[in-house]
Amino acid sequence: MLVQGGAGAVGIAAIQLASRADACVIATVSSAEKAQAVDVAAAAAQGGIRVGEEAGLPLHRFRLSATADAHRAVEDSVVGKVLVDTAE
């Protein structure tokens with residue numbers, strides 16, 4: 001599910017609902033600062049979502065310069081969440 005404006009109130013709610021439905025969520029934001037609002041790793045650290053091998057939801061991190069590799073991982077149905085770090 002693509003959520004445009006993922007850092008806004010409606011966007012955050014859409015991300016949470018889609019995540020609970022086990023949807024693959026991709027969110028757009030207008031700045032790196034706003035990306036913090038939709039940071040899956042931060043949500044996991046705060047207990048908002050369960051992730052990791054033990055939860056059956058490993059995190060796969062990719063640098064922005066490796067976005068093509070992240071896309072390939074999604075296309076190859078990698079198990080877990082694919083995260084692209086926009087901070088190089």
Side-chain angles (χ1 to χ4, degrees):
M1 175 175 165
L2 174 63
V3 178
Q4 293 184 332
V10 173
I12 290 171
I15 291 167
Q16 290 173 341
L17 289 171
S19 294
R20 288 185 183 142
D22 292 326
C24 174
V25 180
I26 298 171
T28 63
V29 292
S30 59
S31 68
E33 291 78 24
K34 289 183 179 180
Q36 298 302 316
V38 294
D39 187 343
V40 173
Q46 295 170 5
I49 58 173
R50 290 186 24 185
V51 297
E53 296 292 334
E54 67 282 351
L57 193 63
L59 297 177
H60 304 277
R61 293 184 171 273
F62 294 87
R63 296 176 59 116
L64 184 59
S65 58
T67 300
D69 295 332
H71 182 74
R72 195 171 307 105
V74 172
E75 286 184 332
D76 292 343
S77 300
V78 67
V79 174
K81 297 292 182 186
V82 174
L83 306 172
V84 177
D85 186 0
T86 59
E88 289 280 318

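FYI, side chains are in, hydrogens and waters are out, and symmetry mates aren't considered; it's all heavy atoms of this structure. Just so we're clear, the structure is a prediction, and the values are computed from it rather than from any experiment. We count residues from 1, following the sequence as given.
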J.: Just jot down the side chain to side chain contact (heavy atoms under 4.5 Å, CB included) partners of Leu2, sequence neighbours excluded, or say none.
T.: Gln4, Ile26, Thr28
J.: Hydrophobic clusters join Ile, Leu, Val, Met, Phe, Trp and Tyr when side-chain heavy atoms are under 4.5 Å apart, directly or via other members; which others share one with Val79?
T.: none
J.: If every non-hydrogen atom of Val78 is compared with every non-hydrogen atom of Val82, which pair is closest and at what distance?
T.: CG1-CG2, 3.5 Å
J.: Could you pull out all donor-acceptor pairs under 3.5 Å where a side-chain atom in residues 69-76 meets a protein atom, sequence neighbours excluded?
T.:
unit_1: Asp69; atom_1: OD1; unit_2: Arg72; atom_2: NH1; d: 2.6
unit_1: His71; atom_1: NE2; unit_2: Glu75; atom_2: OE2; d: 2.9

J.: Which heavy atom of Ala18 sits nearest to which heavy atom of Met1, and what is that distance?
T.: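 Of all heavy-atom pairs spanning Ala18 and Met1, the closest is CB-SD, 3.4 Å.
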